[in-house]
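Order of listing sets the numbers, starting from 1, for every ligand and every atom in it. Numbering of residues begins at 1 and proceeds along the displayed sequence. What's counted below: heavy atoms across the whole structure, side chains too, no hydrogens, waters or symmetry copies.
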Amino acid sequence: MRGKFITFEGGEGTGKSTQLKLLSDYLSAKSIRNIATKEPGGTDIGLDLRRILVTGDKDKLDPVAEALLYFADRRVHLTGKVWPAMETGEWVLSDRFADSTTAYQYFGYDKRVSRKVLDDLYALAVGDFVPDLTIIFDLDPEIGLKRSFAKADNMSVKETRFESRGLEFHQRMRHGFLEIAKENPERCVVLDANKTIEDLHHDVVSVIEERFNLQNAG
Ligand code: TMP
C-alpha cells in the first residue's frame, strides 16, 4: 500500500522540526516505516538550493525567482525521494511543502506574485499530488522569531534570510497559513504551537490517530 504524505507547516521557531522528529519516533514505535525529510534541502541538489535560498542578503532574489527555486527543490525532492519512498509503503513526513511557498512568497510579500503563477508552478512541478494531511503550527511571530534568532546564534552559516524580513512580513505569512487552512479544511489542521514540547506532541499524535485510525495500531 502507498505510504502517506504528511506535511508540517508554520512560521519560524514554531517547533515543527522537533515535532516532526517526535512523530517519526512515534510512528516507528508503531511499526510504521517512515522517513523524515524537509524543504528546501531534502536532497543533495536541494541542499545546494537551500544554501542559495536561506542565506545571504534578504533582497538578493525577488519573489518570483524565489518561487521558481523552491519549486525546483520540490520537484527534485518529490521525484528523487518522496514518491519513491511512498511507493514502497513508507510514510513521508516533510518539514515544509508547497503551503510555505504560498504563505511566504505570496502572503509574506503582500501578494507581489500572483496566486495564478504559484498555482501554475504547482501544476508543473507537483501535478495533482497533494499531502494526505498538513499540520500547521501557529505561533505569534514575535515569539517564533526570538527562538529562531537564538538558534541561529549557534550556527556557523546563518540561515536567517527570511528571519531578517521583519515582523510585518511574518505576520502576513502567519495570516497566510491560517487562510490556507480555511481554504483546505479537509487537508489542514491548525495547532496552537504556544505549548510545551510534550503537550504539542500529544496534540500531534491525537490528530494523526484520529485521521489515520491508529488508536489500536502497533
Ligand atoms: P526552515 O528554516 O523551516 O528549514 O525553512 C527555510 C526557510 O525557507 C524558511 O525561512 C521558510 C522559507 N521557505 C519559503 O520561503 N518558501 C518555501 O516554499 C519553503 C519550503 C520555505
Side-chain angles (χ1 to χ4, degrees), residues 5-21 36-43 45-78 81-82 92-113 115 117-122 124-126 130-131 134-139 141 143-177 179-180 193:
F5 183 52
I6 303 173
T7 58
F8 281 49
E9 296 279 12
E12 314 296 333
T14 56
K16 62 187 167 40
S17 311
T18 306
Q19 292 301 326
L20 192 146
K21 169 101 193 42
T37 186
K38 68 176 176 187
E39 290 191 1
T43 61
I45 293 172
L47 284 173
D48 289 342
L49 292 170
R50 181 181 175 93
R51 187 191 51 76
I52 296 169
L53 282 161
V54 304
T55 65
D57 186 87
K58 70 178 178 19
D59 295 319
K60 72 178 184 181
L61 295 166
D62 80 340
V64 176
E66 268 174 22
L68 287 166
L69 290 173
Y70 278 114
F71 271 106
D73 166 72
R74 190 156 297 136
R75 178 75 191 172
V76 175
H77 189 214
L78 287 171
K81 189 169 182 183
V82 176
V92 177
L93 313 180
S94 185
D95 190 341
R96 298 192 182 280
F97 188 61
D99 295 325
S100 278
T101 313
T102 309
Y104 281 76
Q105 278 67 48
Y106 176 71
F107 286 104
Y109 285 112
D110 220 1
K111 308 182 181 171
R112 272 164 55 203
V113 190
R115 197 75 189 260
V117 166
L118 296 189
D119 289 347
D120 288 349
L121 289 177
Y122 190 103
L124 183 69
V126 186
V130 282
T134 296
I135 304 180
I136 295 174
F137 294 83
D138 181 54
L139 184 68
I143 303 172
L145 283 172
K146 264 192 212 131
R147 284 189 192 168
S148 202
F149 276 120
K151 195 167 137 198
D153 277 347
N154 300 317
M155 289 179 180
S156 51
V157 180
K158 305 265 178 260
E159 295 192 333
T160 49
R161 219 183 125 237
F162 284 92
E163 279 83 344
S164 56
R165 286 219 168 270
L167 196 54
E168 274 183 29
F169 178 93
H170 290 272
Q171 276 159 345
R172 285 194 297 267
M173 177 267 289
R174 178 194 196 188
H175 161 79
F177 275 121
E179 283 293 308
I180 291 166

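- Ranking protein heavy atoms by distance to atom 3 (O) of ligand 1, first place goes to Arg96 NE, 2.6 Å.
- A side-chain donor-acceptor contact under 3.5 Å links Tyr109 and Glu66.
- In this comparison of Lys16, Arg50, His170, Glu39, the heavy atom closest to atom 4 (O) of ligand 1 sits on Arg50.
- Rounding to the nearest 0.5 Å gives a distance of 10.0 Å between CG of Leu167 and CZ of Arg172.
- Residue, atom and distance of the protein heavy atom nearest to atom 12 (C) of ligand 1 are Tyr70 OH, 3.2 Å.
- The contact set between ligand 1 and Val54, taken as ligand atoms under 4.0 Å from a residue heavy atom, comprises 6 (C), 7 (C), 8 (O).
- Shown in contact with Gln105 at under 4.0 Å from a heavy atom are these atoms of ligand 1, numbered in order with element: 14 (C), 15 (O), 16 (N), 17 (C), 18 (O).
- The CD atom of Glu12 sits 4.0 Å away from atom CD of Glu163, with the distance rounded to the nearest 0.5 Å.
- Taking the ring centre of Phe71 as origin, the terminal cationic atom of Arg74 falls inside the region bounded by 6.0 Å and 45° from the ring axis.
- For ligand 1, the polar-atom distance check against Arg74 finds a nitrogen or oxygen pair separated by under 3.5 Å.
- Interface atoms of ligand 1 facing Ser100, defined by a heavy-atom separation under 4.0 Å, are 16 (N), 17 (C), 18 (O), 19 (C), 20 (C).
- Atom 9 (C) of ligand 1 has Glu12 OE2, 3.4 Å as its closest protein atom, hydrogens excluded (heavy atom only).
- More than 12 heavy atoms of other shown residues, nucleotides or ligands fall within 6.0 angstrom of atom NZ in Lys81.
- Between the side chain of Glu9 and the main chain of Phe97, a donor-acceptor pair closer than 3.5 Å is present.
- Around atom CD1 of Ile45, no more than 12 heavy atoms belonging to other residues, nucleotides or ligands sit under 6.0 Å away.
- In this structure, Glu159 falls outside the shell of residues with a heavy atom less than 4.0 angstrom from ligand 1.
- Counting protein heavy atoms only, atom 18 (O) of ligand 1 is closest to Thr101 OG1, 2.6 Å.
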